[in-house]
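Taking it in order: structure first as structure tokens, then the write-up.
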Amino acid sequence: MGKTIAEKIFDAHRIDTQPGDINVLSLDAVFCHEITTPIAITDLVSRGKDRVFDPDKIKVVIDHVSPAKDSKTAEQGKILRDWAKRQGIKDFFDIGRNGVCHAIFPEKGFSRPGYTIIMGDSHTCTHGAFGAFAAGVGTTDLEVGILKGVCTFKSPKTIKVDLQGVLNKGVYAKDIILYVIKKLGVNGATNKIIEFVGPVIDNMSMEARMTLCNMAIEAGGTSGICYPDQVTVDYLWPFIQSEYKTKEEALQDYQKWISDKDAIYDSSLRIDVSSIGPQSTIGYKPDQVSDISELGRTPVNQVYIGSCTNGRIEDLREAAKVLDGQVIHEDVRAIVSPATPGVYKEALKEGLIDIFMEAGFCVTNPTCGACLGMSNGVLAEGEVCASTTNRNFNGRMGKGGMVHLMSPASAAASAIKGYITTADRLKEVS
Amino acid sequence: MKSFEGKALFLDRSDINTDEIIPAKYLTEITKIALKPYLLEDLKVEGFDPSRDLNDIKVIVTRDNFGCGSSREHAPWALEMNDINLVIAEGYARIFRQNMFNCGMMALELSKKQIDEIFNEFQNEPEVTISADLDRMTLSINSSSHQKIMPFKISDFDLDLIKAEGWVNFADSRY
């Protein structure tokens with residue numbers, strides 16, 4: 001009987017089993033940020049177990065509130081900073097070198113095919129784009145991961161999402177994943193892995209694959225996952241060239257992380273992406289999704305381009321294309337947050353930051369910022385934001401606020417018009 | 001081992017998310033106890049007022065996909081700091097459910113039919129208490145007018161986590 005990629009990764013990492021279909025897996029990487037890790041650290045200290053299983057496998061960033069906004073967030077950063085130093089953790093990214101966790105860690109080459117990765121952050125599923133099994137966990141799982149290098153998971157059931165056809169102009173990975181979540185529902189993938197396959201994925205960049213996998217959790221999924229291929233090897237080559245003589249050799253090796261043809265799936269979903277237009281969420285749940293063309297004019301107060309979903313250079317390029325030579329609507333305030341210093345520098349080099357600023361955007365440093373209403377960009381009661389982030393829960397971006405999730409191109413178009421729209425509808429008379 | 005009994009709160013809604021259980025603005029806290037006053041602060045469920053309805057509550061009964069969204073263990077901690085160690089629902093988001101057992105708490109899953117029965121028979125009673133008997137694997141649901149006994153299932157591993165008071169103790173003794 002054939003196996004899925006996730007089953008193969010489980011088989012290669014299983015060190016024990018427990019009753020109730022529990023697999024205890026060894027971990028290749030434990031990622032940490034300043035919001036969910038400090039309590040794990042203080043608990044380990046209080047237990048007299050201030051140790052880490054392997055300092056080289058722990059990667060740490062301060063990203064959610066950066067720079068610190070008050071004494072409490074300053075203290076969170078301090079706990080993490082002191083711990084990383086004390087434990088000899090070399091890969092620690094502090095302000096100036098930090099970025100949104102799920103953007104900076106891939107950029108540094110930390111996400112690899114066949115890896116098992118956990119982090120105290122639900123969007124850790126992003127790293128499945130590299131053919132890894134990557135899952136968000138709570139602080140206790142993180143704590144045990146830090147101490148012992150293990151974590152428990154049920155055996156993976158997989159939903160195969162087969163993406164056929166050709167993307168329409170103005171339609172991106174974000175539109176596809178919103179459409180998939182609409183089809184699956186917010187708990188349609190609970191305890192399951194969403195495996196993305198098909199020609200649409202084959203032609204997709206690593207950045208777009210990360211956008212897809214990032215939102216697997218919004219359908220309840222443990223992770224999203226794509227097969228490693230030439231695109232993966234090309235992206236990772238600067239980091240793996242000491243391990244392989246040639247890219248061909250790397251590609252050959254990574255083929256072990258591809259599902260067998262006779263693998264057993266829990267269910268399958270085949271989507272012709274040619275039928276999908278630009279999408280937006282319309283309520284307080286990520287599965288409440290509509291084709292933007294079917295929406296009336298929903299006014300927006302704020303536009304936010306950034307986050308672990310859509311704050312990468314490709315996202316900024318697509319938004320800047322729409323904004324080039326345009327000015328945002330007078331009733332809109334717009335924020336762009338490049339997800340990493342690398343993205344920021346590239347955007348400067350390409351003149352994208354100029355375009356954003358000429359259009360009237362506020363450019364912030366790399367941070368999670370408004371996405372979860374923890375630091376800059378919080379909405380007031382009753383305000384509406386067109387956002388490239390991943391979650392639209394009631395109050396997410398500020399108490400009483402409404403968040404509409406969409407692609408960077410649609411968010412940029414909405415900033416210009418002052419209501420939710422798409423780039424190809426900009427010429428419509430206001 | 002924690003206590004799994006006491007006065008119940010009924011939250012008649014599916015998809016109650018982690019932002020509703022504890023808003024993100026409180027994630028800057030670095031102690032669990034600091035979360036105590038903010039439990040369910042922003043939750044919108046008809047007839048529910050957190051400032052009035054959380055007094056002495058030890059058990060929550062709710063519908064499907066409870067705890068969806070964030071990985072934040074602050075959600076179970078906010079419950080734990082209010083002595084609410086037992087949640088009974090039709091289903092949970094994976095991370096929330098794991099976090100509960102990892103803390104030695106119980107996220108008990110019952111069928112839709114069982115959850116419907118509990119809501120239908122008890123939701124409008126003035127005071128309902130629920131206790132979980134881990135030896136018999138039964139729930140006892142009690143109001144002034146009647147009592148109902150329901151069987152439940154949890155895996156041996158989840159039971160081990162409860163008895164060990166969480167995953168850190170369990171893992172540390174084995175791996």
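Chain letters run A, B, ... following the sequence lines, proteins first and then strands; every chain starts at 1. Because only heavy atoms are used, hydrogens play no part in the values below, and waters and symmetry mates are left out as well, while side chains stay in. Just so it is clear, the structure is predicted and the values come from calculations on it, not from any experiment.
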By a 4.5 Å heavy-atom criterion (distance strictly below it), what part of A:L372 contacts chain B: side chain, backbone, both, or neither?
both
Identify which of A:G136, A:A135, A:P38, A:G20 forms the greatest number of heavy-atom pairs closer than 4.5 Å to chain B.
A:G136
Output for pair (A:T37 OG1, B:I30 CD1), nearest 0.5 Å, gives 13.0 Å
Please classify the contact between A:D16 and chain B as side chain, backbone, both or neither, with a heavy-atom cut-off of under 4.5 Å.
side chain
Using the side chain to side chain contact (heavy atoms under 4.5 Å, CB included) rule, take A:M119 and B:S71 through it: C-alpha gap first, then chi angles, then the decisive distance, then the call.
CA-CA 9 Å; A:M119 181 175 197; B:S71 65; over 6 Å; no
Within the 4.5 Å heavy-atom criterion, are A:V186 and B:C68 side-chain neighbours or not?
no
Please check if atom NZ in B:K7 has more than 12 non-hydrogen atoms from other residues, nucleotides or ligands closer than 6.0 Å.
yes
In terms of heavy-atom proximity below 4.5 Å to chain A, should B:S14 be classed as side chain, backbone, both, or neither?
neither
Could you check whether B:D42 and A:N394, counting side-chain N and O atoms only, form a donor-acceptor pair closer than 3.5 Å?
no
Please determine, among A:D21, A:T222, A:D43, A:I79, the option with the most heavy-atom pairs under 4.5 Å with chain B.
A:T222
Heavy-atom distances under 4.5 Å only: say whether A:V24 touches chain B with side chain, backbone, both or neither.
side chain
Interatomic distance, A:K285 atom NZ to B:N17 atom CG [nearest 0.5 angstrom]:
10.5 Å
Sort out for me which of B:P23, B:A93, B:G69 touches chain A most, counting heavy-atom pairs under 4.5 Å.
B:G69
Atom OG1 of A:T139 and atom NE2 of B:H74: how far apart are they, to the nearest 0.5 Å?
6.0 Å
Side chain, backbone, both or neither: which part of A:K154 has a non-hydrogen atom closer than 4.5 Å to chain B?
neither
For the side chain of B:E73 and the backbone of A:T140, is there at least one donor-acceptor N/O pair under 3.5 Å apart?
yes
Given a strict heavy-atom distance threshold of 4.5 Å, which part of A:Y284 is in contact with chain B: side chain, backbone, both, or neither?
neither
Would B:D172 and A:E143 count as a side chain to side chain contact (heavy atoms under 4.5 Å, CB included) if you check the C-alpha gap in whole Å, the side-chain angles of each, and the deciding distance to 0.1 Å?
CA-CA 11 Å; B:D172 200 31; A:E143 183 175 339; over 6 Å; no
Compare all side-chain heavy atoms of A:Q18 with those of B:S155 and state whether any distance is below 4.5 angstrom.
no
Would you give the length of the straight line joining atom CD of B:E29 to atom CD of A:Q76, rounded to the nearest 0.5 angstrom?
8.5 Å
Counting only non-hydrogen atoms closer than 4.5 Å, does B:D15 touch chain A with its backbone (N, CA, C, O), its side chain (CB onward), both, or neither?
side chain
Does the B:N99 side chain pair with the main chain of A:G138, one donor and one acceptor, at a distance under 3.5 Å?
yes
Looking at every non-hydrogen atom in both residues, tell me the closest pair between A:F153 and B:R94 and how far apart they are.
CE2-NH1, 3.3 Å
Is it true that, when you exclude B:K36 itself, more than 12 heavy atoms of the residues, nucleotides or ligands shown sit nearer than 6.0 Å to its NZ?
no
Can you list the residues that meet the ring-ring contact (aromatic ring centres under 6.0 Å, His included) rule with A:H33, with sequence neighbours excluded?
A:H64
Is the CZ atom of B:R136 crowded by more than 12 outside heavy atoms at less than 6.0 Å?
no
Can a donor-acceptor pair be found, under 3.5 Å and without considering hydrogens, that links the side chain of A:K72 to the backbone of B:T28?
no
Measure distances from B:F170 to the heavy atoms of chain A and classify the residue's part below 4.5 Å as side chain, backbone, both or neither.
side chain
Non-hydrogen atoms of chain B under 4.5 Å away: do they reach the side chain of A:T190, the backbone, both or neither?
side chain
A:K78 atom NZ, over 12 foreign heavy atoms within 6.0 Å:
no
Which one wins on heavy-atom pair count under 4.5 Å against chain B: A:V378, A:I15, A:T73, A:D121?
A:D121
Is it the side chain or the backbone of A:L44 that comes within 4.5 Å of chain B heavy atoms, both, or neither?
neither
Identify which part of B:R97 has an atom lying under 4.5 Å from any heavy atom of chain A, answering side chain, backbone, both or neither.
neither
Taking NZ in A:K69 as the centre, count heavy atoms belonging to other residues, nucleotides or ligands within less than 6.0 Å. Is the count above 12?
yes
Once rounded to the nearest 0.5 Å, what's the spacing between atom CG of B:L161 and atom OG1 of A:T152?
7.5 Å
Top contributor to chain B contacts, counting heavy-atom pairs under 4.5 Å, from A:N191, A:T36, A:V137, A:V150
A:V137
With no hydrogens and no angle check, is any side-chain donor or acceptor of A:R396 less than 3.5 Å from a backbone partner on B:D19?
no
Among B:Q98, B:R72, B:K25, B:R174, which residue forms the greatest number of heavy-atom pairs with chain A at distances under 4.5 Å?
B:Q98
Under 4.5 Å from any heavy atom of chain B, what part of A:L142 do you find: side chain, backbone, both or neither?
neither
Whatever's closer than 4.5 Å to a heavy atom in chain A on B:I95 counts as side chain
So, taking the atom named CG in A:N187 and the one named CZ in B:F66, what distance separates them when rounded to the nearest 0.5 Å?
14.0 Å
Which atoms of A:I217 are under 4.5 Å from chain B, going by heavy atoms: the side chain, the backbone, both sets, or neither?
side chain
